Amino acid sequence: MASEKAKKDLAILDRERCPTGIEGLDNILNGGIPRGNTILFTGSCGTGKTTLSLEFLVHGAIAGENSLFVSVTEASDKLMKNVIPYDFFDESLIKKGTLVFVDMPVIYERLGLTEMELSLEDVSTIVKAIGDLVDELQIKRLVLDSVTSVCYRLKTEEKIREFILKIGKVLSDKGCTSMLISEISPSAERYSLYGVEEAIADGIVLLGNLERRGDLLRTLQVVKMRGTSHSRAKYVLDLTPAGILLVPLLKGGSGGGTT
Amino acid sequence: MPKSPNEIADELTQLPPSAISLTISDETYFDAIRGVVDIFASKKNLNTIYISAAIPSQSIIDVLNILEVNLENTYFVDCISHMMVGSTKRHPNVHMVESPTMLENLMLKVEYLIKKSGDKGNVVLLDSINMLAIHNSPKILSEFVHILNNNMRAKNAYIVIFSIEAFSSEEIGNMMGFVCDIEISMNKEEEK
């Protein structure tokens with residue numbers, strides 16, 4: 001019985017990892033995200049979701065893994081300015097094509113998806129287009145920022161479920177580790193706007209703001225991650241030119257609620 | 001007679017990287033700073049990360065400039081100045097933390113400065129435990145010092161924590177004895 005459990009634990013630890021390059025997060029995840037997982041990075045505005053996902057891609061590109069950022073809400077050139085202040089960022093990553101930015105509205109336009117509400121058929125078309133892009137560019141890391149904005153055009157739970165399931169499967173089959181960025185309101189009691197995304201994703205990382213005696217701290221918590229054992233504790237993070245840094249949340253004075 | 005800056009630096013030099021509680025008084029305050037920041041850090045070729053929770057970093061910089069201390073390798077994490085309305089002068093080596101209650105952010109700034117220092121060794125000077133105790137409960141402060149000490153130990157850095165004798169309490173004394181490896185006083189042994 002004990003050896004069965006030991007074997008199972010070893011199998012979990014043995015699974016190939018995709019190191020995020022964020023030292024604190026990789027420690028929490030025992031080495032990184034299990035390769036091929038689709039992770040929901042969720043939080044309200046200003047919690048560091050986009051910054052964290054960009055750092056994940058930049059570290060991947062530096063390690064020689066082609067990385068793709070699919071931007072739904074913001075123009076790519078504006079986003080690129082956010083990675084330049086990183087000490088470790090090298091502009092040649094973009095020139096070489098190791099780090100690629102694509103605007104989702106451009107994909108919609110090329111696919112002729114002009115209707116505000118997308119159909120089930122459109123879902124398949126979008127997933128196929130992203131899959132083709134992953135194949136063509138040999139992408140190993142992908143960020144979709146944000147999945148909430150895509151879901152906004154899908155409207156129904158059925159179509160959202162279909163989209164998340166399909167995109168997760170396509171990316172996983174291609175060995176691509178993905179982050180789906182999800183926007184929630186500060187008071188939300190779930191991890192995604194539609195409640196579907198969180199149930200389907202392989203992992204959930206919750207970013208938040210913790211108010212404690214008038215101080216506002218940025219926090220990170222890995223709620224779920226298939227394929228690895230991990231800490232479920234809350235950490236405080238800082239966005240620095242050397243990348244995202246994490247330290248444990250001190251519990252002695254924790255009396256505030258999450259905003 | 002209290003110990004001179006050179007004597008305290010010599011004492012620290014003999015120690016391996018560790019968590020050190022340094023008991024000081026008002027009259028030995030600047031000698032202790034000089035001993036750690038100037039003489040000890042120079043001897044060991046270390047960067048100094050100075051956490052200023054007692055007085056604004058600019059005041060310390062001004063005094064150290066008068067004493068002709070080279071501050072090129074000294075970085076300040078200042079958790080006092082942000083609370084002072086109208087304080088605008090900003091030294092390039094100063095990193096601000098909004099309040100002394102944001103203990104996690106203090107740790108994060110120290111982490112950042114250590115990351116930036118690359119292969120160079122570091123000494124972290126916490127000035128002082130008594131001032132942090134004004135703003136934080138003993139429970140969270142103990143947790144902070146414990147985690148900070150262990151983080152520094154893992155990074156092979158020295159950490160020197162000032163404890164001002166006149167403002168100390170039994171609780172702080174017990175905590176420092178519990179979480180620090182070594183306790184040193186600026187007073188000479190026979191005077192204790």
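Each chain gets a letter, A, B and so on, in the order its sequence line appears, and its residues count up from 1. Please read these numbers as outputs of a predicted model, since none were measured by experiment.
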Identify which part of [X] has an atom lying under 4.5 Å from any heavy atom of chain A, answering side chain, backbone, both or neither.
| X | answer |
| --- | --- |
| Ile147(B) | side chain |
| Thr101(B) | both |
| Glu111(B) | both |

Note to self: Does Glu23(A) have more than 12 heavy atoms from other residues, nucleotides or ligands lying within 6.0 Å of its CD?
What the structure shows: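 Atom CD in Glu23(A) is not crowded, with 12 or fewer foreign heavy atoms closer than 6.0 Å.
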
Next item on the list: For Glu74(A), look at atom CD and say whether over 12 heavy atoms of other residues, nucleotides or ligands are found less than 6.0 Å away.
Entry: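 Atom CD in Glu74(A) is crowded, with more than 12 foreign heavy atoms closer than 6.0 Å.
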
Note to self: To the closest 0.5 Å, what do you measure between NZ (Lys251(A)) and NZ (Lys139(B))?
What the structure shows: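 So the NZ of Lys251(A) and the NZ of Lys139(B) are separated by 11.5 Å.
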
Check: What's the spacing between Leu108(B) CG and Leu239(A) CG if we round to 0.5 Å?
Finding: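 The CG atom of Leu239(A) is 10.0 Å from CG of Leu108(B), to the nearest 0.5 Å.
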
Note to self: Within the structure provided, determine whether Arg212(A) and Ile140(B) are in side-chain contact (heavy-atom separation under 4.5 Å).
What the structure shows: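 The answer is yes, as the side chains (C-beta and beyond) meet within the 4.5 Å cut-off.
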
Next item on the list: For Lys109(B) and Asp238(A), work out which heavy atoms get closest and say how close.
Entry: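 Scanning both residues, the minimum pair turns out to be NZ-OD2, 3.3 Å.
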
Next item on the list: Kindly give the heavy-atom pair with the smallest separation between Val247(A) and Met107(B), and that separation in Å.
Entry: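 In this case the closest contact between Val247(A) and Met107(B) is CG1-CB, 4.0 Å.
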
Note to self: Test: ring-ring contact (aromatic ring centres under 6.0 Å, His included). Region: residues 97-124 of chain B. Which pairs qualify, not counting sequence neighbours?
What the structure shows: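 Only His95(B)-Tyr112(B) qualify under ring-ring contact (aromatic ring centres under 6.0 Å, His included).
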
Next item on the list: Name all pairs fulfilling the ring-ring contact (aromatic ring centres under 6.0 Å, His included) condition that reach into residues 116-157 of chain B, sequence neighbours left out, sorted by first residue then second.
Entry: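 Pairs touching residues 116-157 of chain B that pass the test: none.
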
Please table the atom pairs, donor to acceptor, closer than 3.5 Å between any side-chain atom in residues 68-78 of chain B and protein atoms at least two apart or in another chain.
unit_1   : atom_1 : unit_2   : atom_2 : d
Asn70(B) : OD1    : Glu72(B) : N      : 3.0
Asp78(B) : OD1    : Ile80(B) : N      : 2.8
Asp78(B) : OD1    : Ser81(B) : N      : 2.9
Asp78(B) : OD1    : Ser81(B) : OG     : 3.3
Asp78(B) : OD2    : Ser57(B) : N      : 2.9
Asp78(B) : OD2    : Ser57(B) : OG     : 2.6
Asp78(B) : OD2    : Ser81(B) : OG     : 2.6

Next item on the list: Using the side-chain contact (heavy atoms from CB on, under 4.5 Å) rule, pick out the option among Leu249(A), Leu237(A), Asp215(A) that qualifies with Glu104(B).
Entry: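 Single pass found, and it is Leu249(A).
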
Note to self: Using only non-hydrogen atoms and a strict under-4.5 angstrom cutoff, which residues of residues 86-95 of chain A touch chain B?
What the structure shows: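 Answer by number: Asp87(A).
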
